[in-house]
2 protein chains.
Amino acid sequence: MPAPDFNLSDFLPYRLAVLTARVSKLLASIYEERFGLTMPEWRVMVHVARSEKVSIREIHNCVNLEKPSVSRAVAKLEEAGLLAKATSARDQRLVEIVLTPEGQKVLEALIPEALAVEARLLGALSEGEREQFSELMERLHRELDLNPDAPKRSAKDLPSSGSSRLPAE
Amino acid sequence: MPAPDFNLSDFLPYRLAVLTARVSKLLASIYEERFGLTMPEWRVMVHVARSEKVSIREIHNCVNLEKPSVSRAVAKLEEAGLLAKATSARDQRLVEIVLTPEGQKVLEALIPEALAVEARLLGALSEGEREQFSELMERLHRELDLNPDAPKRSAKDLPSSGSSRLPAE
DNA sequence: AGCATTTCGTTTCATATGAAATGATATTGA
DNA sequence: TCAATATCATTTCATATGAAACGAAATGCT
């Protein structure tokens, strides 16, 4: 019988879930407690900071959030004065989202703290090990990319398209 | 200004979250669609299969689920006839949970499929790389263990205590 | 031009989640 | 022995989530 031999603690999906949950909660304690933001709000903020005048759908496609989550996050951030929304002149269905100066300030305070959390974590790894870990995560991603049953990843999260700022238009 | 330089796609907590979400959803498509189980129910099942007569709290402590989630999962699994609940004779507050033969059957069908998902993923890595990835995840865990702000991990998920079956009493 | 289809963002609605409250039982200490 | 406290499982209750429905605007097709 195979059942009793199965050990959850050795099972890759579980191990990933447990590690990710710990890291996510630690990070959340920063942007929630200290800045009153939720995780979707945090992701929206950092995306809008990079590329201004973005639409809801673009954010949705880029930062792994469902459309309703983005819509709600944007609504709350506008309410809080951290970003501004305007309907596009060219296409009235679209919305153009930009950070307000206030939003800039919050992000400039928040990002160093987020990076500190990451730095502390990565401090447990040597430079070579960080690259190795990164490479192995990417390898797992590529395996998922080949699997038609696996959910797709956003284009923004592909290896080299992350940093380059091509307007794509 | 630090804000525009921050790239979410390179941020470790985000990368972990994205990878884990993909893997979790892929696995969920197995136990949900094919067996009608939720993730908490799946975790409860595999834990109960290893150590019988467990209480709600023990499951809670072992498989990274909140107490209400365990309670609800157990209720639904009992309803479905996959496990049986009885109040302990020694301590009437405790509940003793065991797998039914029907639950055994389900698990014996489900586990190979779960292992197949894992195997396909790990197929992207060589044996040495799997060990390396495992080691690096453990290193990140240990860093979190040192951080008082980070959530604790369950004793069951510590490196060597996973498999050994010491009654701890 | 005019109707069908697609693409937006938002809102429903049904479900999932977890912190706190609850009721029941055990344990502790005077 | 018997109150005070602690621990267990469950249940509330307020919030988060995402699939599907929705209305508005753009595009395609004839």
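Proteins get letters first, then strands, A, B, ... in listed order; numbering begins at 1 in each.
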Atom-pair distance (CD on Q92(A); P on dA25(D)), nearest Å: 7 Å
Toward the 5' end of DNA chain D, by each residue's nearest nucleotide, K85(B) or S69(A): K85(B)
Donor-acceptor contact below 3.5 Å, side chain R43(A) vs main chain N64(A): yes
Sole candidate of V48(A), V70(A), L77(A) that passes side chain to side chain contact (heavy atoms under 4.5 Å, CB included) when paired with I97(A): V48(A)
Rounded distance (Å) that lies between atom C1' of dT10(D) and atom CZ of R72(B): 9 Å
For atom CD of E96(B) and atom P of dC8(D), their distance in whole Å: 14 Å
Spacing between E66(B) atom CD and dT11(D) atom C1', to the nearest angstrom: 16 Å
Any side-chain donor near an acceptor of the partner, S154(B) and N61(B), under 3.5 Å: no
Separation of atom CZ in R90(A) from atom P in dA26(D), rounded to whole Å: 12 Å
D157(B)/K152(B) ion pair, N-O < 4.0 Å: no
side-chain N/O S55(B) vs dA9(D) OP1/OP2, d < 4.0 Å: yes
L37(B) versus E32(B), closest heavy-atom pair with distance: O-CG, 3.1 Å
Given DNA chain D, 5'-ward residue of the pair V95(B) and T38(A), judged by closest heavy atom: V95(B)
Contact list for DNA chain C against residues 77-84 of chain B - heavy-atom distance below 4.0 Å: none
Covered region of DNA chain C, 5' end to 3' end, by chain B [heavy atoms, under 4.0 Å]: dT17(C) to dA26(C)
Carboxylate-amine/guanidinium proximity below 4.0 Å for E143(B) and R139(B): no
Pair E79(A) + K76(A): basic N to acidic O under 4.0 Å: no
R93(A) vs K25(A), nearer the 5' end of DNA chain C by closest nucleotide: R93(A)
Separation of atom CZ in R57(B) from atom P in dT10(D), rounded to whole Å: 12 Å
N-O pairing of R130(A) and E118(A) below 4.0 Å: no
Distance-only donor-acceptor check, side chains R93(A) and S55(A), under 3.5 Å: no
Rounded interatomic separation in angstrom, taking NZ from K67(B) and P from dT11(D): 13 Å
